[in-house]
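Bear in mind that the values here come from a model prediction, so they are computed numbers and not experimental data. A, B, ... follow the sequence lines: proteins, then strands. Residue 1 opens every chain.
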2 protein chains.
Amino acid sequence: MQELSTFELEVMHFFWEEGDLTGPDVYQRIADQRDVAYTTVKTIIDRLEGKGALKRHRSYGRTIVYRAAIQRGSTKMRHLRRFIDSVFRGDSRELFTTLLHDDQLSLDDLGYLESLLVQKRHDKDEKER
Amino acid sequence: MQELSTFELEVMHFFWEEGDLTGPDVYQRIADQRDVAYTTVKTIIDRLEGKGALKRHRSYGRTIVYRAAIQRGSTKMRHLRRFIDSVFRGDSRELFTTLLHDDQLSLDDLGYLESLLVQKRHDKDEKER
DNA sequence: TTTTATGTTCTACACATGTAGTTATAAGCT
DNA sequence: AGCTTATAACTACATGTGTAGAACATAAAA
């Protein structure tokens, strides 16, 4: 898969959250948040289709219903890896450090991370034993 | 500060790691890893100078010695925030989840993360008490 | 001192991306 | 059936980025 741009990812989120959508559907959601032309949104959808991230599912009248054709988890993982490579030269630990220096993280967020971590270490421990 | 591209970041890393460098110095390091023309590298340096990320420190002969003019920590933090915004819609917890799903993380990495976390929680606890 | 090599500057170009106008077309209303 | 409007399809354009050649200048070598 080719990589997705910021705007393309933004659009994919709607499909991942809500399932099948039309051009006007997506336009509506984005126009709620900021000023954008319908054709701009439609261009992004067209490009996503070209990249194989969306496919035409069906249509009613002249309106096309699109559906996500790539998975959320693997897409995010790919982007994360690419990010770590470019910003931290592939060193995950540098990401950890930067992440933990972020003052915008709440105690709650930290607790959440801890719980994930404990779980993961447990699983991994089991498996490698 | 304008944002830095992948290539620009790659170059900044050398300055952050090694201090002052000349065009040929940087070229050498990158050419070690992949095929690139000297002028390509020099263009990136020029753009970094234009963006205020590098400044001319001194020169000997026709050769210019550059020095980093932006900080590593804050730059990475900015990039991290931007990344979380675009890929995870600003939700750090989604990053945590994706991160912890990465099978390429070793038990050691996880231990490292845990130690950072414990430290951070301790500090924050103190402060907010 | 003439030649050669090396570094800087300037210019260029293809591709990705965000942005949107124009044109065509088909639905739906009157 | 004709008019209006919503949607799709196509085209366009500025900017950022990776890429590098060409022209120029000067240090180093012969």
Worked check of side-chain hydrogen bond (donor to acceptor under 3.5 Å, both in side chains) between A/T43 and A/D46: CA-CA 5 Å; A/T43 298; A/D46 292 344; 5.3 Å; no

Residue closer to the 5' end of DNA chain C, A/V36 versus A/K51 (nearest nucleotide): A/K51

Nucleotide C/dT19, atom C1' - distance to CD of A/E8 in whole Å: 13 Å

Distance test, side-chain N/O of B/T40 to OP1/OP2 of D/dA20, below 4.0 Å: yes

Phosphate-side-chain proximity, B/S5 and D/dG18, N/O vs OP1/OP2 below 4.0 Å: yes

Distance, rounded to the nearest Å, where A/F7 contributes CZ and C/dG18 contributes P: 7 Å

Residue whose closest nucleotide on DNA chain C lies nearer the 5' end, B/P24 versus A/E3: B/P24

Candidate pair B/D32 and B/Q28, rule side-chain hydrogen bond (donor to acceptor under 3.5 Å, both in side chains), full reasoning: CA-CA 6 Å; B/D32 268 5; B/Q28 189 96 59; 4.8 Å; no

Cation-pi geometry met for A/R34 and A/F7 (6.0 Å, 45°): yes

Any A/K42 side-chain N or O less than 4.0 Å from OP1/OP2 of D/dT7: no

Atom pair distance, as rounded to whole Å: CG in A/L4 and C1' in C/dG18: 15 Å

OP1 or OP2 of D/dA9 under 4.0 Å from side-chain N/O of A/R56: yes

Sugar-phosphate only, base, or nothing, as touched by B/T22 at under 4.0 Å among non-hydrogen atoms: nothing

Of the listed nucleotides D/dT7, C/dA20, C/dG7, the one nearest the side chain of A/A37: C/dA20

Rounded distance [0.5 Å steps], OG1 in A/T98 versus CZ in A/R93: 14.0 Å

Whole-Å distance separating the CD1 atom of B/I45 from the C1' atom of D/dA20: 15 Å

Whole-Å gap separating P (C/dA16) and CG (A/L9): 17 Å

Spacing of A/I44 atom CD1 relative to C/dA20 atom C1', expressed in whole Å: 11 Å

B/F88 six-ring face occupied by A/R72 cation (under 6.0 Å, within 45°): no

Whole-Å gap separating C1' (C/dA26) and OH (A/Y60): 15 Å

Check: D/dA22 base within 3.5 Å donor-acceptor of B/T39 side chain: no

Separation of D/dG16 P from B/D46 CG (nearest whole Å): 16 Å

Any donor-acceptor N/O pair under 3.5 Å between C/dT25 base and A/R62 side chain: no

